[in-house]
Amino acid sequence: MLHQMHELGVTENIVNIALAKASEAQANKVIQINLVIGELSGFVPDCIQFYFDSLSKDTIAQGAVLHFELVPTQLRCRNCSTIFHPQDTLWSCPKCGGQSIEIFKGRELYIESMEVE
Amino acid sequence: MKKIEVIQNVLEANETIASRNQQLLDKHQVFAINIMSAPGAGKTSLILQTLTRLKGRLNIAVIEGDVASTVDAEKVQSQAKAVVQINTGNMPESCSLIAAMIESALKDMPLNNIDLLLIENVGNLICPAEFTLGEHKRVVISSLPEGDDKPIKYPLIFIDADAVIINKMDLLPHVDFDLAAFRRSITGLNPKAEVFQVSCKTSEGIERWCSWILEQVETKATKR
């Protein structure tokens, strides 16, 4: 049995959004899709590009390059409000040592823009 | 060549279907819980305990998500009002349930005769964190043999949980599991999460968990 990872469904969405936006802009070809992806997001860029190449075949998005802008994880200490990048998997505030932490940035996954012609 | 601005969440398609699922569940007054954990943490055992304990008080349906097989559906069949097995093996996501799978499973359910829907997600602590299904509450089970570091290693799934269940409490004397450290990690990541210590083997703590469910179902019903 072939086990697809969850990037497949997500990539289907990317192709659908790209084709809809390209058609709105009356474009003939999608050259590049600029995505923003958080470091904490559970999606793997290489895997998305792999599925994209197959799903976009015979569409105007065939051959388009996916460009990923990686958003580094930023956490916020609930105790002293310090925003920091975690140094390891143990999330604790570098300022006060607090371990009550929330995610400030790093879960994003969206299409920011596209280059078309 | 020209640049066009898009700014569109790639997960929006799933979220749209999830909110449609929730509307349908609300219309039929069905309360839904998404149960997530690593393989073997005790999702099916917890569902069986819950079915036994709440039988006669709530009509409960179950959706079983697995990559393959119907073994879990067979286990809960006799106790539940309705069971739908989803095999994700040939679907776009095999590692998690997604909203579209729930949407089609709901078509096979007698929603008018159901109060509570327990959704057993695919055993996995990573992928299910990314997909909402239309559930009212998200529950994560962590069991003692997995170790006390799971919230540190897989924070996302714990951050979004409404409740965290620590299962296999009967094994506490036999494993190196620092209960206080685990609970500290949960409180740090997600201070609002309810924490339940249970053993599906001895039934310890199941009563409190079931009272919480009843309370949630009733609160939801009175809010209508």
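Throughout, protein chains are lettered first and strands after them, A, B, ... in sequence-line order, and every chain is numbered starting at 1.
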**Study point:** H28(B) side chain near I114(B) side chain, heavy-atom distance below 4.5 Å
**Key:** no
Check your understanding: Which heavy atom of C200(B) sits nearest a heavy atom of I206(B), and at what distance?
Key -> SG-CD1, 4.3 Å
Check your understanding: Where the side chain of D148(B) meets the backbone of L179(B), is there a donor-acceptor pair that is under 3.5 Å apart?
Key -> no
Point to revise | Backbone N/O of A99(B) and side chain of N21(B): donor-acceptor pair under 3.5 Å | key: yes
Point to revise | Region of T187(B) in contact with chain A, defined by heavy-atom distances below 4.5 Å | key: backbone
**Study point:** Between I17(A), I14(A), L40(A), T11(A), the one whose heavy-atom pairs under 4.5 Å with chain B are most numerous
**Key:** I17(A)
Review point. Can you say whether L189(B) sits under 4.5 Å from chain A via the side chain, the backbone, both, or neither, judging by heavy atoms?
Key: both
Check your understanding: Any salt bridge between K220(B) and D26(B), counting N to O under 4.0 Å?
Key -> yes
Exercise for review: Identify the two heavy atoms, one from N14(B) and one from A100(B), that lie closest to each other, and give their separation to 0.1 Å.
Suggested key: OD1-N, 4.5 Å
Check your understanding: For N16(A), is it the side chain, the backbone, both or neither that has a heavy atom under 4.5 Å from a heavy atom of chain B?
Key -> neither
Point to revise | Donor-acceptor pair between S143(B) and E146(B) side chains, under 3.5 angstrom | key: yes
Review point. Does I37(A) offer a backbone N or O that forms a donor-acceptor pair with the side chain of S41(A) under 3.5 Å?
Key: no
Practice item. May I ask you to decide if A181(B)'s main-chain N or O and S185(B)'s side chain share a donor-acceptor pair within less than 3.5 Å? Key: yes
Review point. Of all the residues in residues 105-117 of chain A, which have a heavy atom that comes within less than 4.5 Å of a heavy atom in chain B?
Key: R107(A), L109(A), Y110(A), I111(A), E112(A), S113(A), M114(A), E115(A), V116(A), E117(A)
Review point. Backbone N or O of L118(B) within a donor-acceptor pair of the E120(B) side chain at under 3.5 Å?
Key: no
Exercise for review: For the residue pair D178(B) and D176(B), establish whether any side-chain heavy-atom pair is separated by less than 4.5 Å.
Suggested key: no
Practice item. Using distance alone, with no hydrogens and no angle criterion, decide if K43(B) and S37(B) have a side-chain donor and acceptor under 3.5 Å apart. Key: yes
**Study point:** N121(B) and its side-chain hydrogen bond (donor to acceptor under 3.5 Å, both in side chains) partner, picked from D66(B), T88(B), N34(B)
**Key:** N34(B)
**Study point:** Check: D149(B) side chain, I152(B) main-chain N or O, donor-acceptor pair, under 3.5 Å
**Key:** no
**Study point:** Contacts with chain B made by residues 62-81 of chain A (heavy-atom distance under 4.5 Å), listed by residue number
**Key:** R78(A)
Review point. Would a distance-only check, ignoring hydrogens and angles, find a side-chain to backbone donor-acceptor pair under 3.5 Å from N190(B) to F158(B)?
Key: yes
Point to revise | Donor-acceptor contact below 3.5 Å, side chain N87(B) vs main chain G89(B) | key: no
Check your understanding: Any residues in residues 1-10 of chain B near chain A, with a heavy-atom distance under 4.5 Å, and which are they?
Key -> M1(B), K2(B), K3(B), I4(B), E5(B), V6(B), I7(B), Q8(B), N9(B), V10(B)
Exercise for review: Please confirm whether the backbone N or O of I17(B) pairs with a side-chain atom of E103(B), one donor and one acceptor, at under 3.5 Å?
Suggested key: no
Practice item. Could you tell me whether E194(B) and R208(B) have a side-chain N and a carboxylate O separated by less than 4.0 Å? Key: yes
Review point. Among residues 130-141 of chain B, which residues come closer than 4.5 Å to chain A, judged by heavy atom distances?
Key: E130(B), F131(B)
Practice item. Sort L35(A) into side chain, backbone, both or neither according to what part of it lies under 4.5 angstrom from a heavy atom of chain B. Key: side chain
Review point. Where do Q32(A) and N34(A) land on the side-chain hydrogen bond (donor to acceptor under 3.5 Å, both in side chains) test, with the steps shown first?
Key: CA-CA 6 Å; Q32(A) 182 165 318; N34(A) 299 310; 2.8 Å; yes
Check your understanding: Considering only heavy atoms, which portion of E7(A) lies under 4.5 Å from any heavy atom of chain B: side chain, backbone, both, or neither?
Key -> neither
